[in-house]
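Structure first, commentary second.
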Amino acid sequence: MIRVFSWNILADSYARCDSYPYALKEHLKWQHRWPQIAEALSRLAEDAQRDGVGSIFVLQEVDKPDESVRLFRSLNLDVHFCKRTGSRK
């Protein structure tokens, strides 16, 4: 069995108050969001490992890949980073 997790972690350029008027400004900052994202991803990976199933994480809007790579490597997961190809339409 494999668990597949797909997350849009919201690139910094899109984390704006005018796009998310209900969110507190400090909650849109990467320094606030990343620790919570990392904790949730870590829990999901640990749950899958505990249950003896494989896991695939697919993250969208990753504009700071080094942090994601470090996190997944610290969880003993293989990491494959692919940049977006093609133009936006």
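- Sparse packing is recorded around NZ of K25, with 12 or fewer heavy atoms of other residues, nucleotides or ligands lying under 6.0 Å away.
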Taking only distance into account, with no hydrogens and no angle test, what donor-acceptor pairs under 3.5 Å do side-chain atoms of residues 27-41 form with protein atoms, sequence neighbours excluded?
unit_1 : atom_1 : unit_2 : atom_2 : d
W30    : NE1    : E67    : OE1    : 2.5
H32    : NE2    : Q36    : NE2    : 2.8
R33    : NE     : L28    : O      : 3.0
R33    : NH1    : I9     : O      : 2.8
R33    : NH1    : L10    : O      : 3.0
R33    : NH2    : L10    : O      : 3.1
R33    : NH2    : D12    : OD1    : 3.0
Q36    : NE2    : H32    : O      : 3.2
E39    : OE2    : R43    : NH1    : 3.0

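- At least one side-chain heavy atom of S55 sits under 4.5 Å from a side-chain heavy atom of F5.
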Go through the steps for D47 and R3 under the test side-chain contact (heavy atoms from CB on, under 4.5 Å), then give the verdict. CA-CA 10 Å; D47 288 349; R3 293 183 184 160; 4.3 Å; yes

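- Across all non-hydrogen atoms, the minimal contact from S6 to Q60 is OG-NE2, 3.1 Å.
- Considering every non-hydrogen atom in both D63 and S13, the closest pair reads OD2-N, 4.2 Å.
- For the pair V69 and D66, the minimum side-chain heavy-atom distance is 4.5 Å or more.
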Which side-chain N or O atoms in residues 70-80 pair as donor and acceptor under 3.5 Å with protein atoms at least two apart or in another chain?
unit_1 : atom_1 : unit_2 : atom_2 : d
S74    : OG     : L71    : O      : 2.6

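- Partners of D18 by salt bridge (Lys or Arg N to Asp or Glu O under 4.0 Å), not counting sequence neighbours, listed by chain and number: R16.
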Determine whether L44 and F57 satisfy the following criterion, side-chain contact (heavy atoms from CB on, under 4.5 Å), listing intermediate values before the conclusion. CA-CA 10 Å; L44 291 170; F57 290 86; 4.0 Å; yes

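- Taken from CG in D51 to CE in M1, the straight-line distance is 9.0 Å, to the nearest 0.5 Å.
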